[in-house]
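See structure below.
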Amino acid sequence: MSRISLDGELTIYRAADVKVIVLEALRKTRVLEIDLSGVIELDTAGLQVLMLAKQTAAADQRELRLLQHSPAVLEIFEMLDLVAFFGDAVLIHA
């Protein structure tokens, strides 16, 4: 198992770089955990990277776990009803 942390803006401006980092990390392990606690902004490009990683993991019989969802991540996941798609436990902030 490996763990990486993503922080800052997970937006169109960083999506290509983050995609490379996440997919490379996924290739090196059977289980990859991604800590999202430091993500301050998430847009559709960043979301697509996370969705691609989840689908790639499933196709390769690997596991991707998203952890410590930041408020910015939770807001998008809830708005787009994606909590079930990712299947990770999320802590709903009051």
Side-chain angles (χ1 to χ4, degrees):
M1 178 172 53
S2 295
R3 179 182 280 197
I4 61 172
S5 296
L6 298 179
D7 57 14
E9 297 176 355
L10 187 47
T11 63
I12 191 169
Y13 304 107
R14 293 186 57 216
D17 292 336
V18 172
K19 176 183 170 185
V20 171
I21 291 165
V22 169
L23 292 181
E24 184 64 27
L26 187 58
R27 276 195 274 286
K28 293 179 180 177
T29 187
R30 303 299 300 156
V31 178
L32 177 63
E33 295 182 340
I34 302 177
D35 182 333
L36 299 173
S37 62
V39 175
I40 59 171
E41 185 178 349
L42 177 66
D43 70 4
T44 55
L47 183 59
Q48 287 176 336
V49 170
L50 295 177
M51 293 176 84
L52 173 67
K54 189 70 170 186
Q55 292 171 329
T56 300
D60 293 345
Q61 297 181 351
R62 298 176 190 272
E63 187 175 350
L64 178 72
R65 299 177 189 155
L66 303 180
L67 308 171
Q68 305 296 321
H69 303 69
S70 71
V73 173
L74 284 176
E75 180 182 1
I76 298 299
F77 279 23
E78 292 171 3
M79 183 186 331
L80 300 176
D81 197 24
L82 290 172
V83 173
F85 173 83
F86 287 100
D88 299 294
V90 296
L91 175 62
I92 304 302
H93 299 276

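Since this is a predicted model, take the numbers as computed values, not measurements.
- Considering only residues two or more places apart in sequence or on other chains, Ile21 meets the side-chain contact (heavy atoms from CB on, under 4.5 Å) condition with Ile4.
- No chain of hydrophobic side-chain contacts below 4.5 Å, direct or via other Ile, Leu, Val, Met, Phe, Trp or Tyr residues, connects Val18 to Leu67.
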Can you give each donor-acceptor pair under 3.5 Å made by side-chain atoms of residues 28-35, sequence neighbours left out, with the distance rounded to 0.1 Å?
unit_1 : atom_1 : unit_2 : atom_2 : d
Thr29  : OG1    : Val31  : N      : 3.4
Thr29  : OG1    : Val31  : O      : 3.1
Arg30  : NH2    : Gln61  : O      : 2.7
Glu33  : OE1    : Arg3   : NE     : 3.2
Glu33  : OE1    : Arg3   : NH2    : 3.0
Glu33  : OE2    : Arg65  : NH1    : 3.1
Asp35  : OD1    : Ser37  : N      : 2.7
Asp35  : OD1    : Ser37  : OG     : 2.7

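- Pairs of residues two or more places apart, or lying in two chains, never qualify as salt bridge (Lys or Arg N to Asp or Glu O under 4.0 Å) while including a residue from residues 11-21.
- Phe86 meets the ring pair (Phe, Tyr, Trp, His ring centres under 6.0 Å) test with Phe77; sequence neighbours excluded.
- Applying the 6.0 Å contact sphere to CE of Met1 captures no more than 12 heavy atoms from other residues, nucleotides or ligands.
- Considering only residues two or more places apart in sequence or on other chains, Asp60 meets the side-chain contact (heavy atoms from CB on, under 4.5 Å) condition with Thr56, Arg62.
- For the side-chain contact (heavy atoms from CB on, under 4.5 Å) test, residues two or more places apart in sequence or in another chain that qualify with Phe85 are Met51, Lys54, Gln55, Leu82.
- Leu80 and Leu10 end up in the same hydrophobic cluster when Ile, Leu, Val, Met, Phe, Trp and Tyr side chains are linked at under 4.5 Å.
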Listing, residues 38-46 side-chain donor-acceptor contacts under 3.5 Å, not counting sequence neighbours, or none:
unit_1 : atom_1 : unit_2 : atom_2 : d
Asp43  : OD1    : Ile12  : N      : 3.4
Asp43  : OD1    : Ala45  : N      : 3.0
Asp43  : OD1    : Gly46  : N      : 3.0
Asp43  : OD2    : Ile12  : N      : 2.9

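- Taking Arg27 as the reference, Glu24 meet the salt bridge (Lys or Arg N to Asp or Glu O under 4.0 Å) condition, with sequence neighbours excluded.
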